[in-house]
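Chain letters run A, B, ... following the sequence lines, proteins first and then strands; every chain starts at 1.
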There are 2 protein chains.
Amino acid sequence: MAANIKTIAAAAGVSCATVSRALNGQPGVGPRTRRRIERIAREQGYVPDAQAQALVSGRLPFVGLVVPDITNPYFPAIARGAEEAAFELGYSLLLVDTAWRSDRVFRALDLLTSRRVAGLLLSVPMERLERTPDWERLRPSVVMAGQPSPHGSGLGAVEVDDELGGRLVGEHLAACGWRRVGFLAGPREDAATRRRLAGLQAAVDASGGALDLVAVRCGEWTEGWGAEEAGRLLDQVPVDALFAANDLLALGALRAAEARGRTAGGDLAIVGYDDIDAAARCRVPLTTVAQPTREVGREAVRRLVARIENDAPLEDLRLPPNLVVRASSDCLTARKAI
Amino acid sequence: MAANIKTIAAAAGVSCATVSRALNGQPGVGPRTRRRIERIAREQGYVPDAQAQALVSGRLPFVGLVVPDITNPYFPAIARGAEEAAFELGYSLLLVDTAWRSDRVFRALDLLTSRRVAGLLLSVPMERLERTPDWERLRPSVVMAGQPSPHGSGLGAVEVDDELGGRLVGEHLAACGWRRVGFLAGPREDAATRRRLAGLQAAVDASGGALDLVAVRCGEWTEGWGAEEAGRLLDQVPVDALFAANDLLALGALRAAEARGRTAGGDLAIVGYDDIDAAARCRVPLTTVAQPTREVGREAVRRLVARIENDAPLEDLRLPPNLVVRASSDCLTARKAI
DNA sequence: TTACGTCGCGCAAACGTTTCCAGGACCGTG
DNA sequence: CACGGTCCTGGAAACGTTTGCGCGACGTAA
């Protein structure tokens with residue numbers, strides 16, 4: 001019942017080798033036998049066994065995507081792009097959710113060493129792992145997707161220009177006439193925190209005093225922490241703009257501001273980062289920085305596969321983010337009213 | 001360099017067979033040789049080749065999850081649960097995004113016939129496929145996750161009790177004193193549409209005239225269509241409650257209602273379904289039906305693996321949804337005010 | 001007719017592991 | 001001492017495919 005290359009060979013009265021060559025379109029098979037073999041294969045409903053093929057070719061047509069939490073809407077977008085590209089290239093996408101646990105990251109890397117996948121897309125922050133993976137051996141078949149490559153790893157990366165994103169926000173705030181800006185972010189050691197802050201700082205420096213960075217608060221990437229810390233900030237420091245380095249923080253800040261009688265887009269600007277679905281839907285639509293996540297996923301897979309198959313050299317790719325202006329920071333209406 | 005079972009055997013002065021038995025913890029190996037082999041394996045950094053194992057055992061430790069759109073927040077939740085369970089059971093999760101195209105569904109089924117995966121979780125609506133897959137052959141290794149099994153397929157399913165969900169909504173509306181309810185949903189042939197409506201109808205019937213179903217509108221599962229159709233409905237029919245069979249529709253309805261000067265939770269009840277992230281965050285927090293999606297994913301994988309490994313019989317599982325009451329339908333405040 | 005090139009095809013090894021079967025060492029009992 | 005049994009180990013086949021090599025047949029040109 002299970003259609004082998006052998007059963008076909010037997011039915012066609014030829015050897016396995018001929019069947020293999022015929023079905024793979026290789027030369028060295030007469031046109032008549034070729035047609036006969038193709039017909040029989042069709043009749044038997046033959047599907048080549050990918051495992052056996054992989055055993056001899058050395059790789060399965062799988063690429064793994066490692067994310068910290070697929071429930072966070074940033075990652076499905078990457079997954080979507082990655083899956084598209086993988087499908088086009090004849091690969092399937094393996095999803096690994098590490099649940100923010102770094103031991104799971106190492107389990108994911110095992111997928112590579114045990115040859116269960118041909119390559120790996122790493123989309124988890126690598127800042128603090130308890131031990132250092134053997135990048136040397138992993139390098140050819142790993143690429144970072146939407147995250148900077150770990151220091152000294154030499155891994156290729158497809159990422160979004162966080163510094164540019166921070167700068168765009170700063171310039172926008174300055175252009176709208178906001179002056180005293182506070183910065184809210186996740187852990188200080190995260191690359192996203194550092195780079196977005198650096199971009200903001202650059203805009204502040206370039207503003208010639210028009211913009212002032214009056215507070216920097218680092219903590220967690222959660223809405224709860226954002227609400228707490230934004231509340232403290234608003235109580236302690238006179239600010240008229242808040243740049244939260246992530247939309248969840250911004251949503252928290254929005255809550256805290258409302259609780260204190262401040263109105264986003266009125267006497268306070270709030271800007272987020274990521275452009276998650278909720279950013280456009282909340283009470284005051286949120287100005288934010290949209291990341292081309294789908295392109296990140298797609299390009300990362302393309303580059304990975306190119307290197308696996310042709311070991312093409314991998315140059316890094318840095319994609320530009322996109323400022324999305326909404327009501328929470330736009331003061332033009334307020335100005336008109338004056 | 002590549003550590004084989006052979007290189008270990010050579011280094012330990014034994015045969016491959018002994019190495020295999022030792023490393024798999026099987027009996028029939030002396031304790032001294034066993035320790036020696038384990039030590040050498042560790043020294044050489046040996047990792048078993050999953051492909052070769054799969055070739056002999058007949059299956060790879062992969063299960064595929066087929067979703068129509070990973071960007072839709074309903075599916076990452078399933079994926080999360082599925083990944084958790086798969087990880088616990090020693091499997092990896094393959095993600096297939098069909099982008100709502102039914103030819104992609106068939107490509108996904110090919111994963112099974114070409115033995116690239118051990119089993120498949122189908123999480124796409126199967127109502128209208130252009131041809132019928134060979135369920136007979138697929139049955140042992142496919143289970144539906146969060147979707148009803150296609151008519152006549154005999155596939156096992158882990159799903160959420162949509163009829164109960166609809167009934168809960170109806171009962172809640174009746175209990176709050178709303179009377180004339182309109183129903184909004186996606187395509188009429190979708191099982192979700194039919195079942196949620198049936199549940200609502202049951203509650204209406206049981207209300208003894210307290211509740212009245214005055215309009216049923218079917219179309220698409222999108223926010224845009226929801227806004228349009230809700231607008232038409234509000235203009236044409238006097239209703240005081242809207243049950244949208246999906247949160248996106250409900251969000252659209254919310255917009256349409258506001259545009260007409262109606263206030264959700266005030267002179268109009270709006271209830272959604274799914275409890276997506278945005279439901280709690282929108283201008284008027286939305287009453288909705290939360291689905292235990294994570295459990296769906298988890299249970300589906302558990303059952304699938306149980307059947308693959310022990311071919312355990314698969315009885316269907318129907319999980320209860322959960323009504324989440326928020327401001328958009330709660331009229332207690334309104335009553336108190338009266 | 002002979003020699004040579006080309007074409008079509010089969011044989012067998014290889015990929016890395018598991019597993020069945022059998023052989024040998026050793027021990028205890030009769 | 002002989003015999004049976006248990007325990008440890010090795011040989012070899014098997015999983016399904018790809019691929020290098022060689023062999024025979026056929027055709028063409030000298």
Side-chain angles (χ1 to χ4, degrees), chain A residues 1-38 40-41 44-62 90 110-118 309, chain B residues 1-38 40-41 44-62 90 110-118 309:
Chain A
M1 190 56 222
N4 280 352
I5 218 171
K6 282 184 194 162
T7 64
I8 298 178
V14 297
S15 76
C16 314
T18 307
V19 175
S20 172
R21 280 189 284 255
L23 296 179
N24 290 328
Q26 290 180 355
V29 182
R32 299 180 33 148
T33 17
R34 179 169 305 234
R35 274 193 297 273
R36 186 157 38 97
I37 289 174
E38 285 168 350
I40 295 178
Q44 297 198 2
Y46 169 75
V47 181
D49 185 319
Q51 294 173 23
Q53 287 178 323
L55 184 60
V56 36
S57 80
R59 61 173 65 105
L60 273 168
F62 289 145
D110 286 348
L111 285 174
L112 206 49
T113 49
S114 67
R115 313 228 182 112
R116 273 183 277 250
V117 301
E309 293 185 349
Chain B
M1 190 57 222
N4 280 353
I5 217 170
K6 283 183 195 163
T7 64
I8 298 180
V14 297
S15 75
C16 313
T18 307
V19 175
S20 172
R21 278 189 288 256
L23 295 178
N24 290 329
Q26 289 180 356
V29 181
R32 300 179 30 148
T33 16
R34 179 171 303 237
R35 274 194 297 274
R36 184 157 39 98
I37 289 173
E38 285 169 350
I40 295 179
Q44 297 197 3
Y46 169 75
V47 181
D49 185 320
Q51 294 173 21
Q53 287 178 323
L55 183 61
V56 37
S57 80
R59 60 173 68 102
L60 273 168
F62 289 144
D110 286 348
L111 284 175
L112 207 49
T113 49
S114 67
R115 314 228 180 112
R116 271 183 279 249
V117 300
E309 293 186 349

What are the residues of residues 45-58 of chain A, sorted by number, that bring a heavy atom to within less than 4.0 Å of DNA chain C?
A:L55, A:V56

Can you tell me the distance, in whole Å, between the CD atom of B:Q26 and the P atom of C:dT17?
14 Å

Closest heavy-atom contact between B:A22 and B:R34?
O-NH1, 3.9 Å

Under 3.5 Å, is there a donor-acceptor pair between the side chain of A:D49 and the main chain of A:Q51?
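Judged by distance alone, yes, a pair lies under 3.5 Å.
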
Considering only side-chain heavy atoms of A:A17, which listed nucleotide, C:dT19, C:dC11, C:dT17, is closest?
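Closest of the options to the side chain of A:A17: C:dC11.
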
Let me spell it out: for each of B:R115 and B:S15, pick the nucleotide of DNA chain D with the closest heavy atom. Which residue's pick is nearer the 5' end?
B:S15

Rounded to the nearest angstrom, tell me the gap between atom CZ in A:R59 and atom P in D:dT18.
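That distance rounds to 15 Å.
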
State, with a plain yes or no, whether a side-chain heavy atom of B:L111 is found less than 4.5 Å away from one of B:F62.
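With C-beta onward as the side chain, the pair stays apart.
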
Identify which nucleotide among C:dT17, D:dT18, C:dC9 has an atom closest to any side-chain atom of A:T18, counting heavy atoms from C-beta outward.
C:dC9

To the nearest 0.5 Å, what is the distance between CD on B:Q26 and OG1 on B:T18?
11.5 Å

So if I take residues 27-36 of chain B and measure heavy-atom distances to DNA chain C, which residues fall below 4.0 Å?
none

Got a second to check how far A:R115's CZ is from A:R59's CZ, nearest 0.5 Å?
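One gets 11.0 Å once the value is rounded to the nearest 0.5 Å.
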
Could you grab the distance from atom CD1 of B:I5 to atom CD of B:Q44, nearest 0.5 Å is fine?
11.5 Å

Would you check, one step at a time, whether the test side chain to side chain contact (heavy atoms under 4.5 Å, CB included) holds for B:L60 with B:V117?
CA-CA 6 Å; B:L60 273 168; B:V117 300; over 6 Å; no

Rounded distance (Å) that lies between atom P of D:dT19 and atom CG of A:N24
8 Å

Any side-chain to backbone donor/acceptor pair from A:S20 onto A:C16? Under 3.5 Å, distance only.
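Checking the backbone N and O of A:C16 against the side chain of A:S20, no donor-acceptor pair under 3.5 Å is found.
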
Atom CD of A:Q44 and atom C1' of D:dG16: how far apart are they, to the nearest Å?
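These atoms are roughly 14 Å apart.
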
Heavy atoms, side chains only, cut-off 4.5 Å: are B:Q53 and B:P61 in contact?
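In short, these two side chains do not touch, never coming nearer than 4.5 Å.
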
Can you tell me the distance, in whole Å, between the CG atom of A:N4 and the C1' atom of D:dT18?
15 Å

With rounding to the nearest 0.5 angstrom, report the CG to CD1 distance, A:L23 to A:I37.
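One gets 6.5 Å once the value is rounded to the nearest 0.5 Å.
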
Taking atom P of C:dT17 as reference, at what distance in whole Å does atom CZ of A:R116 sit?
12 Å

Pick out the pairs of N or O atoms, protein on one side and nucleotides 21-28 of chain D on the other, that lie under 3.5 Å.
none

May I ask you to decide if A:V29's main-chain N or O and A:T33's side chain share a donor-acceptor pair within less than 3.5 Å?
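Side chain of A:T33 to backbone of A:V29, a donor-acceptor pair under 3.5 Å: no, none is there.
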
For B:C16 and A:C16, take the nucleotide of DNA chain D holding the closest heavy atom to each; which residue's nucleotide lies nearer the 5' end?
B:C16

Between atom NZ in B:K6 and atom C1' in C:dA13, what is the gap in whole Å?
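To the nearest whole Å, that distance equals 11 Å.
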
